[in-house]
Amino acid sequence: MENVQLEGLEDSLNAKTKVVIIGHRNPDGDAVGSTLGLKLYFDKKGVPAEVILPNDYPDFLKWLPGNDQVHLYEVQKDECDRMLTDADLVFTLDFNDLSRVGDDLHQKLKTSSADFVLIDHHQQPMGFAKYLFTDDEKCSTCELVYDLIDHFGDNQWIDASIASNLYTGIMTDTGSFKYASTTSDTHRVIADLIDAGARNDQIHKKTFDVNSLNRLQLLGLALSRLEKLADHKVAFIHLSRKDLEDHDFKKGDTEGFVNYALSIKDVELAAIFIEDMNEDYVKLSLRSKNDFNVNEFAREHFNGGGHINAAGGRCDRQLEDCIAYFKETLTQYPALQCVP
Ligand code: 5GP
Ligand code: MN
């Protein structure tokens, strides 16, 4: 569903209001690409804007133009708090619930007197923003940022740097343009971004062809752990904290592993359970094919959310208890049972 509520926003931006742009915790390609793409556009428009991301993100996203302009809340809290206190407008990108920025930043945002602008493609956006530009049928927040620039009639300002950021977020959130969320509009936007200077071959290379040996060996271990349930169209992988430590784990190293579980013929629900490196919980990534709604599944059982075919959540139990709980929940979903 599309939700556009932008009346008065352009006036507010023209008045040179101070803007802060925020993405979600554990930023992915869409979060980093959309926040930086929007920031570089505001630079051209003459609107002072700062980017704050809650915590660090994978090295394979650090080549993005404008990367040096990102402030990490976890690292530069005082400076970020000052920016937020001064802000007139806070743009929140690629998340639907303020708590997705993590506890500390969430507390700070709750006390903010700025007007919020939500640009997002997740389902069920929470009502914290004055201005809205959301559509859960869009493949990515980057596509929405392109649409917003287009809405303001500013396409001519999309240069190679802005285009590369937006291209990257669309590419990562669509599994390189293969998910059902990829529409003909998405391809038209991508064509415009290439025309504006995004080098598609370079972007794919810089993002995906940068594996470490450790990461590939961790993938080998994850694949050796892959389990397919005999009576369900379900497959899953688990990795312990020790597995990660043994492979010198870096942020982003497990990105995409869950897709191997989903690639098994007839599997409709895939999960990966990964013990957090620092805290006592297990992080889950869920993916599905066809109609199985992992957004609802994650909300119902794992305190999470996301999209119909890609979602995440957490489980405050030991790894093996978490997997046992996951298997237990499956009994509620007859559609996932294998028909003999
Ligand atoms: P991933 O599995 O790649 O971490 O996340 C897949 C999708 O689910 C992303 O769109 C992400 O925003 C969403 N997601 C992941 N973890 C959580 C979570 O803990 N809570 C919510 N609400 N969404 C999540
Ligand atoms: Mn996204």
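Every value quoted in this text rests on a predicted model; they were computed, and no experiment measured them. Read the numbers this way: they start at 1 and go in the same order the structure lists the ligands and their atoms.
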Inset, instruction - Note the single closest protein heavy atom to atom 21 (C) of ligand 1, along with its residue, its atom name and the distance in Å. - result: Gly305 N, 3.3 Å
Inset, instruction - Of all the heavy-atom pairs spanning Ala230 and Cys338, show the shortest one and how long it is. - result: O-SG, 3.7 Å
Legend entry - Protein contact of atom 9 (C) of ligand 1 - nearest heavy atom, named by residue and atom, plus distance: His122 NE2, 4.0 Å
Inset, instruction - Do me a favour and list the nearest non-hydrogen protein atom to atom 12 (O) of ligand 1 with residue, atom name and distance? - result: Arg100 NH2, 2.7 Å
Legend entry - atom 18 (C) of ligand 1: the protein heavy-atom neighbour that sits closest, reported with distance to 0.1 Å: Gly312 O, 3.6 Å
Legend entry - Whether His187 and Phe177 hold their rings parallel, tilted or perpendicular, with breakpoints at 30° and 60°: tilted
Legend entry - Aromatic ring pairing Tyr41/Trp157, orientation class (parallel under 30°, perpendicular over 60°, tilted between): tilted
Inset, instruction - State whether a side-chain donor-acceptor pair under 3.5 Å links His204 with Tyr167. - result: yes
Inset, instruction - For Ala310, take its heavy atoms, then give the atoms of ligand 1 lying under 4.0 Å from any of them. - result: 7 (C), 8 (O)
Inset, instruction - Identify, for atom 20 (N) of ligand 1, the protein heavy atom at the shortest distance, and state residue, atom and that distance. - result: Gly304 CA, 3.5 Å
Legend entry - Interfacing atoms of ligand 1 (cut-off 4.0 Å, heavy-atom, Ser285): 1 (P), 2 (O), 4 (O)
Legend entry - Centroid-centroid under 6.0 Å between Phe292 and Phe297 rings: yes
Inset, instruction - State the count of protein N/O/S atoms located less than 2.8 Å away from the Mn ion (ligand 2). - result: 4
Inset, instruction - Inspect the contact between Asp97 and Arg100 and indicate whether a charged nitrogen and a carboxylate oxygen are less than 4.0 angstrom apart. - result: no
Legend entry - Per-atom contacts of ligand 1 with Gly306, taking only distances under 4.0 Å to non-hydrogen atoms: 8 (O), 13 (C), 23 (N)
Legend entry - atom 19 (O) of ligand 1: nearest protein contact (heavy atom, Å): Gly313 CA, 3.7 Å
Inset, instruction - Report yes or no: is the cationic atom of Lys251 (NZ for Lys, CZ for Arg) closer than 6.0 Å to the six-membered ring centre of Tyr57, at no more than 45° off its axis? - result: no
Inset, instruction - Find all atoms of ligand 1 within a distance of less than 4.0 Å from any non-hydrogen atom belonging to His307, and give their numbers and elements. - result: 10 (O)
Legend entry - Ring centroid separation Tyr260 to Phe236 under 6.0 Å: no
Legend entry - Carboxylate-amine/guanidinium proximity below 4.0 Å for Asp136 and Lys138: no
Legend entry - Proximal candidate to atom 1 (P) of ligand 1 [heavy atom criterion; set His24, Lys283, Arg287]: Arg287
Legend entry - side-chain hydrogen bond (donor to acceptor under 3.5 Å, both in side chains) partner of His307, the single match among Gln123, His122, Arg287: His122
Legend entry - Electrostatic pair Lys39-Asp43, nearest N-O below 4.0 angstrom: yes
